[in-house]
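Since the structure is predicted, the reported quantities are computational estimates derived from the model, not experimental observations. We name chains A, B, ... by the order of the sequence lines, and we start the count at 1 in each one.
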Protein chains: 2
Amino acid sequence: MSTIGGKSSRSGQRATAPRSVPKASGQVSAPAVDDRLFLQSVARAIDVLEAFAQSPKPKSLGEIATAAGVNKSAAQRIGLTLLSRGYLERADSGGLMLGRKLLDRSFDYLRSNPLIERALPVLTDLRKQAGERTDLSLFDRTTIIYATRLQSKRETFYATLAGRRIPTFTSSGGRACLALLPDPEVDEILERSERRPMTPKSITDPAKVWAKIREARRDGYACSVEESLIGEIAVGAAISDSRRRPLGAIHIAGSLSEWSVEDFRRRFAPLASEAARALSG
Amino acid sequence: MSTIGGKSSRSGQRATAPRSVPKASGQVSAPAVDDRLFLQSVARAIDVLEAFAQSPKPKSLGEIATAAGVNKSAAQRIGLTLLSRGYLERADSGGLMLGRKLLDRSFDYLRSNPLIERALPVLTDLRKQAGERTDLSLFDRTTIIYATRLQSKRETFYATLAGRRIPTFTSSGGRACLALLPDPEVDEILERSERRPMTPKSITDPAKVWAKIREARRDGYACSVEESLIGEIAVGAAISDSRRRPLGAIHIAGSLSEWSVEDFRRRFAPLASEAARALSG
DNA sequence: AAGGAAGTATCGAACTTCAATACGATCGTG
DNA sequence: CACGATCGTATTGAAGTTCGATACTTCCTT
């Protein structure tokens, strides 16, 4: 997957009306841009970086070219440029891999997001009080992104990393966010979502997801049991802005080996809801 | 700060020998690139993103242009391109701010780094055993980057975020890394480091830093007291590869309000060292 | 009402980028 | 040991993509 239009997107007709550039793929959310203001080489550099999302192993220039959908010359130019800036690094094998500089940018992002700054002390207290993993997620339409994760025990690798995305409709916090939206918008998001289940227990049938969302509207929080990880239960409560638009959610996650579904909900749902309310404006 | 050559870096002489492109600024570590394989527009797009490092607030196109050292037209093109890909977002104020997609890239990076995957369970156990904050940092010559942070109590905002950089010579883990390097290389790193103290207690005098490094060579770990944050003590032990080159370090950090320097060292230095040894190969 | 700043849009020039190609080195295999 | 396949690297002519100045509109501030 990569930019669609292949060859030359902006060629030939110079005096035409503004054409919009098609988005890469996947989630359709970012705004389109007038053709003549669109920088092809920048977009392709992004394609190269994003090519590592599928498999983040070191790649040769040829592999990069294939994965990013550019020719070898472009891979060479882009690769060397990103290398010189630290966004790619040389692997011991000689190939190119993602570079440490990427961490700097995400640090800047985290630092720039006021919600995260406000939420962190609340999350910390919550984790201490609950004794279970506590996450802050950011709502991004069809997916949510975990921005901060405070684990309490040993967790799976992916349960500890910030930046991970999960379909909104399978996650407790995501459903809590959906519960704040008007019906048509929920439908649109469900429509656009990739309906592949993360676990055998994932609820993917729109009707059943809708039932969970209505439940969340009633209760003020949402719950998911083994829908993103077998053996895990989570409750989530949405954080909203002043116009009650969802910004993200607070999650509390625990293990079914230690809790019954009912006990977990009873105990932690109020904590999550209260924390989320404190952060909403 | 941005690319140096201002106007046209690669103009005129087509048939010249390869010239290297000067690095942007700051840390000199990334390799230079042959002029003719260097993508100016990609580099400028990076400049734009990096412009938010100084102050991550939303910026107008004019502010971006100034901060990144490009003209307004370039800021417009780059800004819109990055916006269309989600690496910038529109702020409520109308300006542009960093976008959530940045988190995806750093997630890919974290996921791609085998050390991090191996270290996380070790770190988790260590945090549980120590009951104090436990960090994994990556060695990057003049600076270290915190890649994973497992807090135990309420911490300052910056002590919780991954991606943060700190001068190698002030950090416990950084000094433990330096202790593995040959003398001239240490000198070179100290030379290149920005010697601005992070706190009044920061040791910046090269001779005194060297004393700490020798101490680390003797003990197998390093210690820093209030050098990056007032009231904080930390011990760090280096993780090395098969050739004993430093890859990063394990840090254990606690509060001076709860520990004396000696007690803290005695108790946690062995834990950090053992964990680091387990991860070295 | 004037002045300023912001976002947006346009355009011709030409510099930067493009893609094909070539070269030397390495590697694994027949 | 030679062969073919890939790798990273480097070069080149062509032209398309990018450049930067400029202008327009809108919105605030003074």
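- Side-chain atoms of A:Arg36 lie closest to C:dT10 of the nucleotides D:dT11, C:dT10, C:dT17.
- Listed nucleotides D:dC19, C:dT17, D:dT11 differ in distance to A:Leu39; the shortest reach to its side chain belongs to D:dC19.
- From A:Leu102, atom CG reaches atom CZ of B:Phe107 across 13.5 Å, with rounding to the nearest 0.5 Å.
- Across the helix from C:dA1-D:dT30 to C:dC27-D:dG4, the helix axis at one end is tilted relative to the axis at the other end by 40° (nearest 10 degrees, each axis from five pairs).
- Atom CG of B:Asp92 is surrounded by 12 or fewer heavy atoms from other residues, nucleotides or ligands within 6.0 Å.
- When atom types are taken as modelled, the side chain of A:Arg111 and the backbone of B:Ala53 share a donor-acceptor pair closer than 3.5 angstrom.
- With salt bridges taken as basic N to acidic carboxylate O contacts below 4.0 Å, none links A:Lys57 and A:Glu63.
- Taking B:Tyr146 as the reference, B:His251 meet the ring-ring contact (aromatic ring centres under 6.0 Å, His included) condition, with sequence neighbours excluded.
- Counting to the nearest Å, the P atom of D:dT18 and the CZ atom of B:Phe38 are 15 Å from each other.
- Distance CD1/B:Ile239 to CZ/B:Arg118: 7.5 Å, rounded to 0.5 Å.
- Under a 4.0 Å N-O distance rule, the pair A:Arg165/A:Asp140 qualifies as a salt bridge.
- Contact check on B:Glu89 versus B:Lys101 returns no salt bridge, with no Lys/Arg side-chain nitrogen under 4.0 Å from an Asp/Glu carboxylate oxygen.
- Between the C1' atom of D:dG20 and the CZ atom of B:Arg44 lies a distance of 9 Å, rounded to the nearest Å.
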### Message
Return a single string for nucleotides 3-8 of chain C, one symbol per nucleotide in 5' to 3' order, where B is base contact, S is sugar-phosphate-only contact and - is none, cutoff 4.0 angstrom on heavy atoms.
### Response
---SBB
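- One donor-acceptor pair, N or O on each side, does fall under 3.5 Å between the base of C:dA19 and the side chain of A:Arg77.
- Here A:Ser73 lies in heavy-atom contact (under 4.0 Å) with a base.
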